[in-house]
Amino acid sequence: EDMKKAFYHWEEAAIGGHPIARMSLGVIEGDYGRHDRQIKHFIIAANQGWGVAVEQLKMCYEEGHVSKHDFGEALRAYQRAVDAT
């Protein structure tokens with residue numbers, strides 16, 4: 001029950017643009033083996049300029065869960081977000 005509440009609040013925060021909440025959701029999705037959802041969360045966090053997301057995506061790439069193309073796109077989006085700040 002507590003995890004359901006936590007997940008709900010992380011989803012609300014992620015929708016509101018909070019990159020740490022987005023990362024938390026990605027980690028949880030990965031723990032449940034839902035790598036497609038995990039990667040989507042990490043890509044969104046990287047697009048927001050969150051460097052930890054890039055590191056997580058790199059690990060996912062090394063494990064074969066994300067394509068070279070998608071990793072490259074996320075890396076470029078991350079760099080654009082960092083450059084914009």
Side-chain angles (χ1 to χ4, degrees):
E1 182 64 33
D2 287 340
M3 190 56 148
K4 286 181 182 180
K5 285 182 182 180
F7 197 80
Y8 169 78
H9 289 292
W10 280 322
E11 283 182 326
E12 290 295 308
I15 290 167
H18 199 284
I20 295 173
R22 189 63 72 175
M23 284 294 305
S24 297
L25 290 172
V27 170
I28 292 168
E29 294 292 5
D31 288 346
Y32 286 111
R34 297 187 293 244
H35 298 292
D36 289 345
R37 292 178 62 115
Q38 174 188 39
I39 290 163
K40 287 178 185 178
H41 287 300
F42 291 162
I43 288 173
I44 292 168
N47 290 345
Q48 294 172 321
W50 196 250
V52 177
V54 175
E55 293 301 318
Q56 291 293 320
L57 282 168
K58 181 180 177 185
M59 287 192 304
C60 290
Y61 170 70
E62 291 169 351
E63 294 170 358
H65 299 297
V66 64
S67 70
K68 184 176 183 177
H69 172 77
D70 289 344
F71 178 64
E73 287 290 317
L75 192 56
R76 287 187 286 280
Y78 164 76
Q79 192 61 53
R80 283 191 300 273
V82 169
D83 290 347
T85 58

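Below, each value reflects all heavy atoms present in this structure, side chains not excepted, and no hydrogens, waters or symmetry copies.
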Derivation and outcome, side-chain contact (heavy atoms from CB on, under 4.5 Å), residues F71 and H65: CA-CA 10 Å; F71 178 64; H65 299 297; over 6 Å; no

Intermediate values then yes/no, side-chain contact (heavy atoms from CB on, under 4.5 Å), Y78 and I43: CA-CA 9 Å; Y78 164 76; I43 288 173; over 6 Å; no

Audit row: I28, W10, side-chain contact (heavy atoms from CB on, under 4.5 Å) steps and yes/no: CA-CA 11 Å; I28 292 168; W10 280 322; 3.0 Å; yes

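Side chain to side chain, H9 and E12 fail the donor-acceptor criterion of an N or O pair below 3.5 Å.
Residues V66 and D70 come closest through the heavy atom pair CG2-CB, 3.7 Å. The two residues A74 and A46 come nearest to each other via the heavy atoms O-CB, 4.2 Å. Summarising the geometry of P19 relative to A45, their closest heavy-atom pair is O-CB, 4.1 Å, with the distance given to 0.1 Å.
Taking CG from L25 and NZ from K40, the interatomic distance works out to 13.5 Å, rounded to the nearest 0.5 Å. With rounding to the nearest 0.5 Å, the separation of CD in Q38 from CG in L57 is 8.5 Å. Here the CD1 atom belonging to I39 is positioned 11.0 Å from the CD atom belonging to Q56, to the nearest 0.5 angstrom. Annotation: the span from E29 atom CD to F7 atom CZ amounts to 4.5 Å, rounded to 0.5 Å.
Crowding of D31 atom CG: a count of heavy atoms from other residues, nucleotides or ligands under 6.0 Å exceeding 12.
Inter-residue side-chain proximity for W50 and M23 is flagged as met; some heavy-atom pair is nearer than 4.5 Å.
No continuous path of hydrophobic side-chain contacts links M59 to F42 [ILVMFWY only; heavy atoms under 4.5 Å].
At distances below 3.5 Å, at least one donor-acceptor pair connects side-chain atoms of R22 with backbone N or O atoms of A14.
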